[in-house]
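Step one of this worksheet: look at the structure below.
Naming convention: chains lettered A, B, ... in sequence-line order (proteins, then strands); numbering from 1 in each chain.
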Protein chains: 2
Amino acid sequence: MKKYTEITIYDIAEKLNLATSTISRALKDHRSISEKTIKKVKKTAFEMGYQPNNLAASLRNKQTKTIGVLLPTVTQPFLSSLISGIEITAKKAGYTVMIMQSHDSYDEEVNLAQSLYNNRVSGIICSLAMETQDTSHFQIFINNNTPLVFVDRVPKNFNTYRVVIDNFSAGYKATKHLIDQGCKRIAHLSVGSEFGNLYSERKKGYLEALKDHNIDIDEQLIVRLTTVTYDEAEKGTNKLLDLKNPPDGIFTPGDILGVSALQCAKKRGIKVPEELAIIGFNNDPISEIIDPNLSTITHPAEKMGQAAAKIIIKNLKSLKKDDIKEITFLNTEVLVRESSKKK
Amino acid sequence: MKKYTEITIYDIAEKLNLATSTISRALKDHRSISEKTIKKVKKTAFEMGYQPNNLAASLRNKQTKTIGVLLPTVTQPFLSSLISGIEITAKKAGYTVMIMQSHDSYDEEVNLAQSLYNNRVSGIICSLAMETQDTSHFQIFINNNTPLVFVDRVPKNFNTYRVVIDNFSAGYKATKHLIDQGCKRIAHLSVGSEFGNLYSERKKGYLEALKDHNIDIDEQLIVRLTTVTYDEAEKGTNKLLDLKNPPDGIFTPGDILGVSALQCAKKRGIKVPEELAIIGFNNDPISEIIDPNLSTITHPAEKMGQAAAKIIIKNLKSLKKDDIKEITFLNTEVLVRESSKKK
DNA sequence: TTGTAGGCGTTATCAG
DNA sequence: CTGATAACGCCTACAA
């Protein structure tokens, strides 16, 4: 049985009695090649079913023109918008995107980072796994001058580019919004402290807003969740609503949590927003579907992706190891919907 | 300024006074290399910060050990479960997964398929874009003996592996369930006929079920949507509920549509399921959150992914061009929840 | 405008 | 058990 062999520029060269270099150049519309030759080469290349081999080209060029994207998961609406943003910018610049999911596991993240590096991605955009406590597995990118950008869930002490929102001020805004609506006892579902610490920033914003408005902090109103899940949030909300002196507002640092709280309140016959105002975070599609609509904090997710990709592309040519890498902050906004509109 | 150069097995060889071939073998625990050498090589490789270059290895080996995954989008819960399935199986076999999104655009799909091929993926798993009407852009994979598996939204006349559910029987089951609940006038939101025609199969199942149960088909009860969106479904449902003789049941071939119908009914003060029973399709997370819970059809999405990946891996070694490629059917089930439970 | 030749980093074959 | 060498497919500096 005949074994399959690739058709290479060498085959084309042979057929046309030209040099491989000519073929290579013609295929890329090199200006030093005559129109006629270019046409001829492309035509026969097509006829012969030639397919360029990126591996060979990348090896030779020492660049793959692909951006690696390493995320906890691809299902979170926020992250998928982020990907869209990356894709848009990457495409414009002629880059391909390679997506991998860590599933919030540190071990997987380590492996995939390796794998991405071994495939010599031109740059990498990463949002850390929940579990990740140290980021030494990204050191290879730094050491080898591969642009690295962290997004959203970023490490604290690591000199790299970061594209984030100001979680503190977003948490502040969300809480202030509830205060403005007349809430006096505002609860918070907080999520276990973590390395990327975006939840803890949101919580700090919450605390600060209360303080600034002379509202005493009641520890009973802060329920700590271990995971960001619907069920955990339900338990937490029940705990809050079981209090002698229950809250009249809840700020949840995520929409799933907000939706859960909302449903929980409804089940108990508590009117939202009249008796309990709720605001979430992220503007997930579900926040719009739920009844009443969930107020939330909007992220410019797609823009974050674009910003991250732009940093990669910009730095491909000029990257100095010890430069100080700036942090890009993007805006958040309070999106007021029914679940918090008391007035 | 010193320009960066990779550390290669050649560098290690030089340092240790060994041949590159020995290094290469040692790094892969080749049995012909002594324990001692292996240890020594690995140790210095680590110390020197050596990182294997997959591009070179792949070029040489003529295989990349990566599976390309080309999907409309990564956000649909069904598709992300599918990806999980692929990842699980791929990982077990030592394969990497490269995900790309066509965003349901034919042009993007063509480009990305090319790109995947140019990167010489070992195999490709694809669910077609909505727009796609012809699949000649996948011919290169066939021609070059690269295993190709279509999943869920598959082409009709193309001899490749396919992993699907039986959309016809699923549509039948969903409709029969409504009939069993006592519905007499069952509506259907149908989605514009398309190449992959999974929606039309579901519709056929719907029609057949009605026929088998001696229920006359009322064309007024079949509303055609042009896109699978919340808003379109809302319009469609309103149209149905505006009828003189409105339906007492709706089968929507997707959960977003089902949720939309449900909300729409609620807004109009129609009781679900008492006055209107609803069943969706896919078992998206949202179907569980919505109140009342949405009955639906479950997909074994993750299993489909695993099945597809297994086919790829199995065929990597033995692929004959003209073999007839089997179709793998996976089971669906009716998941009865509140939105359709009349009895 | 086109050709020659060497090398990107790895691995497999063949030889020792 | 280890070494020398060619080859994977492509690109580019240099030469013509």
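A:H30 places its NE2 atom 14 Å from the P atom of D:dC14, with the value rounded to the nearest Å. Across the protein-nucleic acid pair, B:N119 atom CG and D:dC10 atom P stand 13 Å apart, rounded to whole Å. Between the CD1 atom of B:I23 and the P atom of D:dG3 there is a distance of 8 Å, given to the nearest Å. If you measure from atom CG of A:L27 to atom P of D:dT12, you get 13 Å, rounded to the nearest angstrom. In this structure, A:Q63 atom CD and D:dC11 atom C1' are separated by 12 Å, rounded to whole Å. Atom CG in B:L59 sits about 9 Å away from atom C1' in C:dC8, given to the nearest Å. Atom CG in A:N54 sits about 11 Å away from atom C1' in D:dG9, given to the nearest Å. Atom-to-atom, NZ of B:K36 to C1' of D:dT2 comes out at 13 Å; the value is rounded to the nearest Å.
Within the 4.0 angstrom heavy-atom criterion, no nucleotide atom of any strand lies near A:L55. A:D11 comes within 4.0 angstrom of nothing in the nucleic acid, heavy atoms only. Looking at heavy-atom distances under 4.0 Å, B:T8 makes contact with sugar-phosphate atoms alone, never a base. Counting any heavy atom pair closer than 4.0 Å across all strands shown, B:S58 reaches no nucleic acid atom.
In the set D:dC11, C:dT11, C:dG9, D:dC11 carries the atom at the smallest distance from any side-chain atom of A:A57. Comparing D:dG9, C:dT2, C:dT11 against the side chain of B:I9 picks out C:dT11 as the nearest. Looking at the side chain of B:N53, the nearest of the listed nucleotides C:dT10, D:dC11, C:dT2 is C:dT10. Between C:dT2, D:dC10, C:dG9, one nucleotide has an atom nearer to the side chain of A:T22 than all others, and that is C:dT2. The side chain of B:R25 lies closest to C:dC14 when the candidates are C:dC14, C:dT10, D:dG9.
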Q) Would A:K15 and A:E47 count as a salt bridge (charged side-chain N to carboxylate O under 4.0 Å, His left out) if you check the C-alpha gap in whole Å, the side-chain angles of each, and the deciding distance to 0.1 Å? A) CA-CA 12 Å; A:K15 187 154 200 166; A:E47 284 167 4; over 6 Å; no
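Regarding contacts with the backbone of C:dG7, every side-chain N or O of B:Y10 stays at 4.0 angstrom or more from both OP1 and OP2. Here A:S24 does not reach the OP1 or OP2 of D:dT12: none of its side-chain N or O atoms lies under 4.0 Å away. OP1 or OP2 of D:dG9 sits under 4.0 Å from a side-chain N or O of B:K62. The side chain of B:S21 contributes no N or O atom lying less than 4.0 Å from OP1 or OP2 of D:dT5.
Atoms CG and CG, on B:D107 and B:N111 in that order, are 7.0 Å from each other to the nearest 0.5 Å.
Each of B:A56 and B:A19 was assigned the nucleotide of DNA chain D with the nearest heavy atom; the assignment lying further toward the 5' end belongs to B:A19. Comparing B:S32 and B:N61 by the nucleotide of DNA chain D that holds the closest heavy atom to each, the one mapping nearer the 5' end is B:S32.
No side-chain heavy atom of B:T96 sits under 4.5 Å from any side-chain heavy atom of B:K65.
Between the side chains of A:N54 and B:N119, at least one donor N or O lies within less than 3.5 Å of an accepting N or O.
No more than 12 heavy atoms of other residues, nucleotides or ligands sit less than 6.0 Å from atom CD of A:E35. For B:Y10, the OH atom is loosely surrounded, since the number of other residues' heavy atoms within 6.0 Å does not exceed 12.
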